[in-house]
Amino acid sequence: ATDISPRAVALARENVEALGLDDRVDVVECDLGAGVEQALLGTFHLVVSNPPYIPSPALAELSREVSDYEPALALDGGEDGLEVFRRLLVWCAEALAPGGAFAFELHETCLQDAAQEAREAGYVDIKVTADLAGRPRVLTGRKQATASLHDASPCGDGIGPASQLR
């Protein structure tokens, strides 16, 4: 698991320890997947992310229950809400094993554009799934099993196969 926020990393490490998972889960403080070991790239079966995804213009309209407790770093997804998502797509091209999948929580106004960008990047089985309130919320897709995707550089977050974890 990765996060750029030292506070979020500290909390994640506490949770890992409390759940007795410290022998199976590493928590790395880094920008997306920049701290993931090079040897693990191409081995991930699933990358799950809740990146900052609120479009910058919509930040002012957030409810106080969100804006009062969440730092802007965790919310602001750039002008269209997809700034971090685009970096994750690039990283997934390198990090995912052939046939590996991703699931990203995104803002409901951004999902169709995100789905199109994922298709254009060569991902398949693109799907938008609603949250428990019935609002479109999660974009899923899969790296093609045999074809390679666009060249990529490390800059995303994820969880590798259990056999690869500490």
Side-chain angles (χ1 to χ4, degrees), residues 1-5 8-9 12 24-59 70 72-166:
T2 71
D3 205 297
I4 197 169
S5 164
V9 167
R24 295 178 26 197
V25 177
D26 286 325
V27 180
V28 180
E29 184 180 333
C30 65
D31 183 19
L32 301 174
V36 173
E37 295 176 30
Q38 287 288 109
L40 294 177
L41 297 179
T43 68
F44 288 71
H45 296 284
L46 180 64
V47 172
V48 177
S49 181
N50 179 9
Y53 63 75
I54 308 292
S56 298
L59 288 172
E70 295 289 340
L73 178 65
L75 300 172
D76 192 348
E79 192 62 29
D80 66 355
L82 297 176
E83 186 177 298
V84 178
F85 161 78
R86 290 184 183 100
R87 293 173 54 215
L88 284 167
L89 272 188
V90 170
W91 187 74
C92 282
E94 188 172 347
L96 287 172
F102 65 78
F104 303 142
E105 181 175 354
L106 298 171
H107 194 267
E108 59 195 61
T109 63
C110 306
L111 283 159
Q112 293 311 314
D113 288 341
Q116 184 60 35
E117 289 187 33
R119 284 185 198 93
E120 289 171 1
Y123 293 94
V124 296
D125 299 332
I126 304 300
K127 181 179 168 185
V128 173
T129 303
D131 62 17
L132 294 176
R135 298 159 86 172
R137 183 64 66 206
V138 178
L139 180 72
T140 59
R142 194 172 49 79
K143 182 176 179 178
Q144 293 186 33
T146 56
S148 63
L149 295 172
H150 302 215
D151 291 336
S153 63
C155 65
D157 69 343
I159 300 289
S163 64
Q164 297 293 326
L165 294 176
R166 185 167 32 127

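Note that this is a predicted model, so its numbers are computed, not measured.
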Practice task
With sequence neighbours left out, write down each residue that passes salt bridge (charged side-chain N to carboxylate O under 4.0 Å, His left out) with E108, or none if nothing qualifies.
Solution key: R135, R137
Practice task
Please identify each residue that fulfils salt bridge (charged side-chain N to carboxylate O under 4.0 Å, His left out) with D113, with sequence neighbours left out.
Solution key: none
Practice task
Could you label the plane-to-plane angle of the H107 and Y53 rings as parallel, tilted or perpendicular, counting under 30° as parallel and over 60° as perpendicular?
Solution key: tilted
Exercise for the section: With side chain to side chain contact (heavy atoms under 4.5 Å, CB included) as the test, would you mind laying out the steps for R86 and D80 before giving the verdict? Expected result: CA-CA 11 Å; R86 290 184 183 100; D80 66 355; 2.5 Å; yes
Exercise for the section: Please report the closest heavy-atom contact between A145 and P98, naming both atoms and the distance. Expected result: O-CB, 2.9 Å
Handout entry: Expected output: side-chain T2 to main-chain L32 donor-acceptor under 3.5 Å
Key = yes
Handout entry: Under 3.5 Å: donor-acceptor pair, side chain of K143, backbone of A93
Key = yes
Problem - Residue pair Q116, Q112: steps toward the side-chain hydrogen bond (donor to acceptor under 3.5 Å, both in side chains) verdict - result: CA-CA 6 Å; Q116 184 60 35; Q112 293 311 314; over 6 Å; no
Completion exercise
Taking every heavy atom of P51 against every heavy atom of E105, the minimum-distance pair comes out as CD-O, 3.4 Å
Practice task
Measure across C30 and G35 and return the closest heavy-atom pair with its distance rounded to 0.1 Å.
Solution key: SG-N, 3.3 Å
Exercise for the section: Ignoring hydrogens and angles, tell me if any N or O in the side chain of Y123 forms a donor-acceptor pair with the backbone of A115 under 3.5 Å. Expected result: no
Handout entry: Results of side chain to side chain donor-acceptor pair (under 3.5 Å) for T129 - residues two or more places apart only
Key = none
Practice task
Could I get the full list of side chain to side chain donor-acceptor pair (under 3.5 Å) partners for E29, not counting sequence neighbours?
Solution key: none
Exercise for the section: Answer whether the closest heavy-atom distance between the side chains of W91 and S49 falls below 4.5 Å. Expected result: no
Problem - Result of checking L46, I126, V48 against F102 for side chain to side chain contact (heavy atoms under 4.5 Å, CB included) - result: I126
Handout entry: Where P136 and V128 come nearest, the two heavy atoms and their spacing
Key = CB-CG1, 3.8 Å
Exercise for the section: Kindly compute the distance separating CG (L88) from CD (E83), expressed to the nearest 0.5 Å. Expected result: 11.5 Å
Completion exercise
By side chain to side chain contact (heavy atoms under 4.5 Å, CB included), I4 pairs with (sequence neighbours left out) D31, L73
Problem - Sequence-distant partners of A114, side chain to side chain contact (heavy atoms under 4.5 Å, CB included), two or more places apart - result: L82, F85, L106, L139
